[in-house]
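Below: one structure, written as structure tokens.
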Amino acid sequence: MALIDDLGKALDSSPGGSVILTSVDAIMDWSRGKSLWTMPMGTACCAMELIAASFSKFDFDRHGTIPRADPRHTDVMVVAGTITYKMAPAVQRLYDQMPDPKWVIAMGNCAVSGGIFYYDTYSVVRGVDEFLPVDVYIAGCPPRPEALQDAIFQLRKKVDSESVAPGRVRDVEYVLPLPGDPRAGDRIQALRDGGGRK
Amino acid sequence: MTEELVVNIGPSHPSTHGVCRMVTTLDGEIVRHVEVVIGHLHRGIEKMAENRTYLQVVPLTDRLDYVGSMYANWAYCRAVERLAGIRVPERAEYLRVIVCELQRIASHMMSVGPAGADVGATTAFMYTFAQREQVVDLFEQLCGARLTYNYVRPGGVSMDVPEGWVDNVRAFCRSHPSAMAEVDRFLFGNVIARQRMKGIGVLAPEDAVAWGASGPVARGSGVSWDLRRDDSYSVYPRLDFDIPLGSNGDCYDRARVRLWEAIESCRIIEQALDQIEPGPVMAEAVPRLITPRPGEAYDHIEGARGSLGVYLVSDGTPRPYRMKVRSPAFCNLALVPMLAEGHTLSDLVVILGSLDPVFGEVDR
């Protein structure tokens, strides 16, 4: 990816290059976001839902997310399950083996914060974000496979806002309000009031 | 004899069925020695139970054997009921039998399918997983959860069945045996799969007994030992069922025993649905804070992997003084070094898969 990085740097610094840069960004982000191959880092219960997500009923592959056991083939690590202090070095090592650009999804309460194993135990890492940069968190114990699919869509939005030029961010407008967007409530109220028109 | 080579497999490896690490000493392609390293999923559940009240431990038992959560629920609740002297209503006992036999189907589907995938027959996994999804849907209708149910509680079950659930279960039990016959035909009838599994990892009956193996691993070797019949509990004495037995004790027999048990479970469920009568599903006057007298209790059930036991010690407080889980997966996993010796590296994966370990229960 060194070539792409150099290209982004060169375009960003040259006069008028940002016009081309936006097109390059659009192509890069489109292609990256549509084929997020996953590294299924399943350790415990959530791994069952991770398997279920790729099988016939939920059929993950149609979103371009193919599970690969080799970290060198993958873009996004799905940490599904409890990470113990004994397991953490292995997870870190697998993450280091993934090529850039790479993302992490923390699936389930154990990977988010330790979950049910937060208190009273001596062996559980309290959230995978203690040693990995997590991009998307999915709550649930375990989350449904649909929640994992939603996480891929959320991650795709994040990929869309990245630029090949270092330090730049693409300005992408989201069509749907994100959960927790304070404007969402106003919009729903406006719809109730007859679309804001009297 | 070539120079010995040490190969590390795991802890993150697609064929280890969880977070198992195997340090394998190879002579060419032949396995000379395997050292199984466990503990990558040790979450201290037994220790955590000492800081929870008796009711609060039930969700922890869900996370022990996450492929068959109902069993751990039930084994724990039986130990609590024995400790506190709680009598369970008959309808609750029938419901427990029904959900646990459904769970046995779901769990065995998660073993037969990967057994095929281990030998290269990935199609079987697709078929068995479709069956598993149907069971999981039934559980979702029953208690709202797909995987961690928290359904069996001390004194009964958490809620009665919803409307139409019994009909859905009956419909599933009618369709399941034919689906299993299909899997039997194209997985166990497949020449390549047979050659990969027959005669691999042969476990002699006396070894199975000596090493404490139980469940389909022991029955695959022809050891006729099933707690549902030999230490009959709950309403199993009123139900008529066969116990499938293997003859050679190889990977093929172990996987096939699981397939036939899944068919046999349908018979048990249908009988239980015929016999079940309306009534309460929770014992009366079970206190929120169960405080048994000082003492100890052990109870075991036939889980999907074998004899699953829970040992509880009470010191008269609302929290257990000690909880110990007798995990069948742990005992069966101990067989790997013995079974794999002398086989090729590719057979090691098949042998591990045929023992069907679940590491939540092995490491606890």
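Remember, predicted model here, so these are calculated numbers, not experimental data. Convention: sequence-line order gives letters A, B, ...; per-chain numbering from 1.
- Interface remark: A:Leu94 contributes side-chain atoms only to the contact with chain B (heavy atom separation under 4.5 Å).
- Looking only at heavy-atom pairs under 4.5 Å with chain B, the residue among A:Ser123, A:Ala88, A:Pro71 that has the most is A:Ser123.
- When the shell of 6.0 Å around CZ of A:Arg62 is examined, it contains more than 12 heavy atoms from other residues, nucleotides or ligands.
- Between B:Phe129 and A:Lys57, every side-chain heavy-atom pair lies at or beyond the 4.5 Å cut-off.
- Counted within 6.0 Å of CZ on A:Phe153, heavy atoms from surrounding residues, nucleotides or ligands total more than 12; the atom is thus considered enclosed.
- Most heavy-atom pairs under 4.5 Å with chain A, from the set B:Ser69, B:Ala145, B:Pro59, B:Gly39: that is B:Gly39.
- In this structure, the side chains of A:Thr121 and B:Lys47 stay at 4.5 Å or more apart for every pair of heavy atoms.
- One distance of note links CG of A:Asp120 with CG of B:Leu60; it measures 9.0 Å at 0.5 Å rounding.
- In this structure, chain B has a heavy atom under 4.5 Å from the side chain of A:Ala90, while its backbone stays farther away.
- Contact of the A:Met48 side chain with the B:Arg132 side chain is registered, since non-hydrogen atoms from C-beta on lie closer than 4.5 Å.
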Practice prompt. Carefully, step by step, assess A:Thr43 and B:His40 under the rule side chain to side chain contact (heavy atoms under 4.5 Å, CB included).
Written response: CA-CA 9 Å; A:Thr43 57; B:His40 288 94; over 6 Å; no

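- Other residues, nucleotides and ligands contribute over 12 non-hydrogen atoms within 6.0 Å of the CZ atom of A:Phe131.
- A heavy-atom distance below 4.5 Å is not found between the side chains of A:Phe55 and B:Thr128.
- Residue with the most contacts toward chain A among B:Asp363, B:Asp62, B:Asp137, B:Val358: B:Asp137 (heavy-atom pairs, distance under 4.5 Å).
- Rounding to the nearest 0.5 Å gives a distance of 15.5 Å between CE of A:Met87 and NE2 of B:His42.
- Here A:Cys141 contributes atom SG and B:Arg63 contributes atom CZ; the two are 3.5 Å apart, rounded to the nearest 0.5 Å.
- Of the atoms belonging to A:Ile83, not a single heavy atom falls under 4.5 Å from chain B.
- By the 4.5 Å heavy-atom criterion applied to side chains, A:Pro145 and B:Arg146 are counted as neighbours.
- Around CZ of B:Arg322, the count of heavy atoms belonging to other residues, nucleotides or ligands within 6.0 Å exceeds 12.
- Considering only heavy atoms from C-beta on, B:Val19 stays 4.5 Å or farther from A:Lys86 through its side chain.
- Other residues, nucleotides and ligands contribute at most 12 non-hydrogen atoms within 6.0 Å of the OH atom of B:Tyr127.
- B:Glu361 does not touch chain A: none of its heavy atoms, backbone or side chain, sits under 4.5 Å away.
- Around CH2 of B:Trp165, the count of heavy atoms belonging to other residues, nucleotides or ligands within 6.0 Å exceeds 12.
- The side-chain heavy atoms of B:Ile45 and A:Phe117, taken from C-beta on, include a pair separated by under 4.5 Å.
- B:Met48 places none of its side-chain heavy atoms less than 4.5 Å from the side chain of A:Tyr122.
- In terms of heavy-atom pairs under 4.5 Å with chain B, the best-connected choice from A:Gly42, A:Ala47, A:Cys45, A:Gly81 is A:Cys45.
- In the displayed structure, B:Phe186 atom CZ is contacted under 6.0 Å by more than 12 heavy atoms of other residues, nucleotides or ligands.
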